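See below for the structure under consideration.
Just so it is clear, the structure is predicted and the values come from calculations on it, not from any experiment.
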Amino acid sequence: MFAAKNELFTRPNGGYNLTRSLRFRASASAFLNRTPATTTNRQTWTYSFWAKRGTLSAQQALLDVRYGPTDDQTNTLFFNSSDNLYFGAYLTDFLITTAVYRDPAAWYHIMLVADSTQATAANRLKIYVNGVQVTSFSTANYPAQNFTFAINLASATRIGTVLGVTSFYDGYLAEVNFIDGQALAPTAFGAFSSYNQWLPKKYAGTYGTNGFYLPFTNNASTTTLGYDFSPQGNNWTTNNISVTAGSTYDSMTDVPTLTSATAANYAVLNPLDKGTTITVQSGNLEASISTTHNGVRNTFQVPTTGKWYWEITNGSTTGSNVILSFGLATSVASMNTYDYNTTGTYSLYASTNLQIISNGSGGITFGSAISSGTVCGIAYDATNGQLYLAVANTYYNSAGSGTGDPAGGTNATMAVASSLGLFPYEHIYADTFNANFGQRPFTYTPPSGYVALNTFNL
């Protein structure tokens, strides 16, 4: 879900810009938890949040309350293994959407609204996605009138996991609101722009006793990331979340608004555009493989003009012939073979040494292999068709010498025709790597004039 830059000036109420999201890494078993001090309104409430998915086709919990073995003591909201939205209880599947939600480039605004006091069954439980009520369900078992949900019990409540079940959420959450005692419409949290795009709006109402607001903007520590910004002070505990610099850093500037050059919807690795044996996870910023050569493109085609920068960190190695290559590839370049045999790839290739690979042909061989933990940089001047590739902030020219100067526009690693329709591309064998398109701090300062690959900058 991308926005146009001029929507900064056409949004309702002059626009409302988000600045932070929180990444949940299923591989790290990340989640939030809180136990309300008192039981409050279990019939009427609203849960609203923005989500950008990471790992697909796996059960991923979004909200869970578990107290006992009956429907009114257990509730869970999650993406199921078919990528539908599911809300249910211990014995009953309440709602399962027909629609699937598996766009790795999109932010989804999701609302779950309960009011079991309603006489009409279909009004007792509603799901909204991007401001529109979902009305098509493969399963629809509405609760009885005046049914008491588990939500709002004085019992352990979790965001991002289910107690006793391996179903950790992998992806990003932003602008999380829970309203105790009110069944609200989507217009409380968003509005359509003049381009008919659903965008966030600041909630201006009351929260109720167990209500909370999590914008994830205070990243002074992992503790402060769970602070409630509503007047209620219902703080959450973060578990297995990191603010340590590097690939595990989870306080992101990937958000569903065009806030600035450094806060917008960012490129990520594309789990729908990869080799068959590669695994993409950790909010689609980490890829891994055991033995077979595979590659993965990202979600954004690089524009044909402008200057762009991103980084790749080589991960742990699992074999003697570990390979990492990174650069650009066309949309038709194979992700299931050696990149140097693939027409349409332009990369720095590292096995036992470094090689410059251009359009399926091996070039200059030089240097030594890239060690574990090394951060590699890609600076692409699309306007002039110049690609600069770096290892540990040393940019190489076409002869394999470390004299590349992307800021000055000289000694590029290779010339690339921007008209080819290129995507950031990475290829691995028996290794892992982590990508950073700017949603977390870069390890190295980008060359002057180069910007991150996000929707504000496109």
Under the side chain to side chain contact (heavy atoms under 4.5 Å, CB included) rule, collect the residues that match up with [X], sequence neighbours excluded.
X: Thr276; value: Asn294, Asn336
X: Tyr86; value: Phe78, Asp93, Ile96
X: Ser81; value: none
X: Val132; value: Phe192

Answer with yes or no whether the side chains of [Y] and [X] bring together a donor and an acceptor at under 3.5 Å.
X: Thr342; Y: Thr345; value: no
X: Thr304; Y: Ser418; value: no
X: Thr337; Y: His293; value: no
X: Gln59; Y: Tyr169; value: no
X: Asn210; Y: Trp45; value: no
X: Asn314; Y: Ser372; value: no
X: Thr257; Y: Thr259; value: yes
X: Ser288; Y: Thr432; value: no
X: Thr76; Y: Asp64; value: yes

Does the side chain of [X] reach to within under 4.5 Å of the side chain of [Y], using non-hydrogen atoms?
X: Ile312; Y: Ile378; answer: yes
X: Phe178; Y: Gln232; answer: no
X: Arg23; Y: Tyr172; answer: yes
X: Leu184; Y: Tyr203; answer: yes
X: Thr217; Y: Tyr227; answer: no
X: Met111; Y: Phe189; answer: yes
X: Ile428; Y: Ile323; answer: no
X: Leu420; Y: Tyr346; answer: yes

Donor-acceptor contact present, side-chain Asp228 to main-chain Tyr213, <3.5 Å |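 Yes: the side chain of Asp228 pairs with the backbone of Tyr213.
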Please give me the minimum heavy-atom distance between [X] and [Y], naming the atom from each residue.
X: Pro104; Y: Asn284; answer: CB-ND2, 3.7 Å
X: Arg66; Y: Val162; answer: NE-CG1, 3.1 Å
X: Gln301; Y: Leu422; answer: CG-O, 3.4 Å
X: Ala51; Y: Leu173; answer: CB-CD2, 3.9 Å

Steps toward side-chain hydrogen bond (donor to acceptor under 3.5 Å, both in side chains) verdict (Asn239, Asn33) = CA-CA 8 Å; Asn239 300 270; Asn33 72 281; 2.7 Å; yes
Run through Tyr128, Tyr47, Trp50 and flag the one making a ring pair (Phe, Tyr, Trp, His ring centres under 6.0 Å) with His109.
->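 That would be Trp50.
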With a 3.5 Å cut-off and sequence neighbours excluded, list the donor-acceptor pairs that the side chains of residues 218-225 form with protein atoms.
from	atom 1	to	atom 2	distance (Å)
Asn218	OD1	Ala220	N	3.3
Asn218	OD1	Thr224	OG1	3.2
Asn219	ND2	Tyr249	OH	3.3
Asn219	ND2	Ser251	OG	3.1
Ser221	OG	Thr223	N	3.3
Ser221	OG	Thr224	N	3.2
Ser221	OG	Thr224	OG1	3.4
Thr224	OG1	Asn218	O	2.8
Thr224	OG1	Ala220	N	3.3
Thr224	OG1	Ser221	N	3.0
Thr224	OG1	Ser221	O	3.0

Could you tell me whether Arg53 sits above the aromatic face of Phe79, with NZ or CZ closer than 6.0 angstrom to the six-membered ring centre and within 45 degrees of the axis?
->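 Yes, Arg53 lies over the aromatic ring of Phe79.
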Pairs involving residues 361-414, ordered by first then second residue, that meet ring pair (Phe, Tyr, Trp, His ring centres under 6.0 Å) (sequence neighbours left out) |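 Sorted result for residues 361-414: Phe366-Tyr396.
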Please step through side-chain hydrogen bond (donor to acceptor under 3.5 Å, both in side chains) for the pair Trp107 and Asp254, ending with a clear verdict.
-> CA-CA 9 Å; Trp107 276 97; Asp254 195 330; 3.0 Å; yes
Side chain to side chain donor-acceptor pair (under 3.5 Å) with Thr365: which residues, sequence neighbours excluded?
->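 Checked Thr365 against side chain to side chain donor-acceptor pair (under 3.5 Å); zero matches.
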Can you name the side chain to side chain donor-acceptor pair (under 3.5 Å) partners of Arg34, sequence neighbours left out?
-> Asn234
Output yes when Arg25 and Asp170 qualify as a salt bridge under the 4.0 Å nitrogen-oxygen rule, no when they do not.
->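 No salt bridge links Arg25 with Asp170.
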Picking from Leu112, Ile159, Leu62, Leu63, what satisfies side-chain contact (heavy atoms from CB on, under 4.5 Å) with Phe49?
->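 Among the candidates, only Leu62 passes.
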So Thr98 and Ser136, side-chain hydrogen bond (donor to acceptor under 3.5 Å, both in side chains) or not? Walk me through it.
-> CA-CA 6 Å; Thr98 303; Ser136 178; 3.0 Å; yes
With sequence neighbours excluded, what pairs up with Phe229 under the ring pair (Phe, Tyr, Trp, His ring centres under 6.0 Å) test?
->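 Applying ring pair (Phe, Tyr, Trp, His ring centres under 6.0 Å) to Phe229 gives none.
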Return the set of residues passing ring pair (Phe, Tyr, Trp, His ring centres under 6.0 Å) with Phe433 (not counting sequence neighbours), or none when no residue passes.
->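 For Phe433 there are no ring pair (Phe, Tyr, Trp, His ring centres under 6.0 Å) partners, ignoring immediate neighbours.
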Keeping to residues at least two apart or across chains, list the salt bridge (Lys or Arg N to Asp or Glu O under 4.0 Å) pairs with something in residues 257-284.
-> Asp273-Arg297
Verify side-chain hydrogen bond (donor to acceptor under 3.5 Å, both in side chains) between Lys307 and Asn384, making sure each step is shown before the conclusion.
-> CA-CA 9 Å; Lys307 296 180 178 181; Asn384 296 307; over 6 Å; no
Would you mind writing out the side-chain donor-acceptor pairs for residues 324-332 within the sub-3.5 Å range, not counting sequence neighbours?
from	atom 1	to	atom 2	distance (Å)
Ser325	OG	Asp339	OD2	2.7
Thr330	OG1	Ala333	N	3.3

Centroid-centroid under 6.0 Å between Phe212 and Trp236 rings | yes
